[in-house]
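Heads up: the structure comes next, in structure tokens.
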There are 2 protein chains.
Amino acid sequence: MAGAHTLQETERQVSTLLRGMKIDFKAMAVVSNLFRAASAVRNHLEREILSRHGLSWTGFVVLWVVWVWQEIETRDIAEEVGTSKATLTGVLKTLERENWIAKRQSKEDRRLVIVTLTGDGKRLMKRIFPEFNKEEIYLAASLGTKERRGAADALRKMTIHAQNGPATKGKKKS
Amino acid sequence: MAGAHTLQETERQVSTLLRGMKIDFKAMAVVSNLFRAASAVRNHLEREILSRHGLSWTGFVVLWVVWVWQEIETRDIAEEVGTSKATLTGVLKTLERENWIAKRQSKEDRRLVIVTLTGDGKRLMKRIFPEFNKEEIYLAASLGTKERRGAADALRKMTIHAQNGPATKGKKKS
DNA sequence: CTCCACTCGTTAGGGTACGAACGAAAAGAG
DNA sequence: CTCTTTTCGTTCGTACCCTAACGAGTGGAG
């Protein structure tokens, strides 16, 4: 799964294809490994836990966010989960059809939609989350204590860095 | 984007919701940060580079793999990219429509389809990849030299670990 | 109060994602 | 050689995911 070409082979190939251009293979490896890891971990958790309950990855994350906040507006869910509002509309429809969440209109601002967990939804999370965390422990167990902290820190730094605009220009966010 | 609730708040909430169940918040933080980072980095690269060329993330990764291998069977692309064969069929159709790749039937085994880059595809990669790597350098620059190596190692370990079966049972892969 | 700029969630349209089922082709068994 | 099993890429159905455009609601300017 990690690719039949080794890093050295890939480097040689790319060097040939881009003769004269300087490529940073260390930076490439970090980003590449980030996505391999995220993909592998996600597939692992979907296979071992989520699929058994008929739940998608995004569906679970949405459920988790609503569970922790207890009551939350859809725009905040989208922000928290990291998807567009349009995507969330579809996901919420699925979760509502399964009777895990309920939507209601805000009285203060009638544009807003407030989401809560149903009884079924709460029971589902209460059962799933410990299973989920058990797999998280399994995954984190591949790292030593120090390494685990280092990885969490490094990932957090990259997240913040990625959100603060591009390498070339000096754009600002709101 | 990192959530209006701090990790401490979340911990307290979850502790209340799961009274009596032991939850490992360190493990949770590693997995959570992994996905925040992957999502942020992917969005960053899509916005800054890929969208400008009308290219999706997966489309780019497929193009990259074909570029490095020069000639590759679709089953190997799927393995390398980390998607299902079904997904790849659709992505290849898109890339073919844009005239970036070409497909042909293998003569030794007529079930196989072999993919290559067209001239347009090669030119595209030769232009995009250095831009892409520049952003990778920017992203990796948030980490120190030692930290960068540590992160790459930790991510690789987690990838392998995630692919080697669940926490509970003793399944084996092929 | 009226107009206008803004924000809310939804819809429309197209690409990506999966498992399951498919026909074609290849490889093994007898 | 035939029969069965396996493997290939594709198709089908459904869900996710994005941007752009939309109608509804809010709030500020005059």
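So that the names make sense, note that chain A is the first sequence line, chain B the second, and so on, each numbered from 1.
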Can you work out whether B:K103 or A:R110 has the more 5'-proximal nearest nucleotide on DNA chain D?
B:K103
Mapping B:Q105 and B:G59 to their closest nucleotides on DNA chain C, which lands nearer the 5' end?
B:G59
Step by step, work out the side chain to side chain contact (heavy atoms under 4.5 Å, CB included) result for A:R104 and A:E71.
CA-CA 10 Å; A:R104 64 181 162 84; A:E71 215 176 81; 2.8 Å; yes
Taking the minimum atom-to-atom distance to the side chain of A:A86, which one of D:dA20, D:dC16, C:dA20 wins?
D:dA20
Expressed as a whole number of angstroms, how long is the span from A:F60:CZ to D:dA15:P?
20 Å
From CG of B:D109 across to P of C:dA24 the rounded distance in Å is 16 Å
Does a side-chain N or O of A:T83 approach OP1 or OP2 of D:dC17 to a distance below 4.0 Å, or not?
no
Among C:dG9, C:dC18, D:dG9, which nucleotide sits nearest the side chain of B:L112?
D:dG9
Closest to the 5' end of DNA chain D, once A:K107 and A:S84 are matched to their nearest nucleotides, is A:S84
Using a heavy-atom cut-off of 4.0 Å across all strands, would you classify B:T58 as base, sugar-phosphate, or nothing?
sugar-phosphate
Does OP1 or OP2 of D:dC17 have a side-chain N or O of A:T87 closer than 4.0 Å?
no
Starting from C1' on D:dC16, measure out to CZ on A:R97 and report it in whole angstrom.
13 Å
Nearest-Å distance for atom pair CZ/P, residues B:R75 and D:dT7:
10 Å
Run the ring-centre check on B:W64 versus B:F132 and record whether the distance is less than 6.0 Å.
no
For A:F129 and A:W67, run ring-ring contact (aromatic ring centres under 6.0 Å, His included): C-alpha distance rounded to whole Å, both residues' side-chain angles, the deciding distance at 0.1 Å, then the answer.
CA-CA 11 Å; A:F129 188 71; A:W67 189 50; 5.8 Å; yes
Would you state whether a donor and an acceptor, one from the side chain of A:R111 and one from the base of D:dT26, lie under 3.5 Å apart?
no
Tell me which of A:N43 and A:L92 sits closer to the 5' end of DNA chain C, going by the nucleotide each one is nearest to.
A:L92
Residue from B:T118, B:V62, B:V115, B:V66 passing side-chain contact (heavy atoms from CB on, under 4.5 Å) with B:L95:
B:V62
Classify the nucleic acid contact of A:T94 as base, sugar-phosphate or nothing, counting any heavy atom under 4.0 Å across all strands shown.
sugar-phosphate
Which whole-number value in Å describes the distance from B:L88 CG to D:dT10 P?
8 Å
Among A:E135, A:E131, A:K134, find the residue that satisfies the side-chain contact (heavy atoms from CB on, under 4.5 Å) test when tested with A:E48.
A:E135
note: B:R42, atom CZ; D:dC18, atom P; distance rounded to Å ~ 9 Å
Whole angstroms only, please: what is the CD1-P distance between A:I72 and C:dG9?
11 Å
d(CH2, A:W57; C1', C:dC18) in whole Å
16 Å
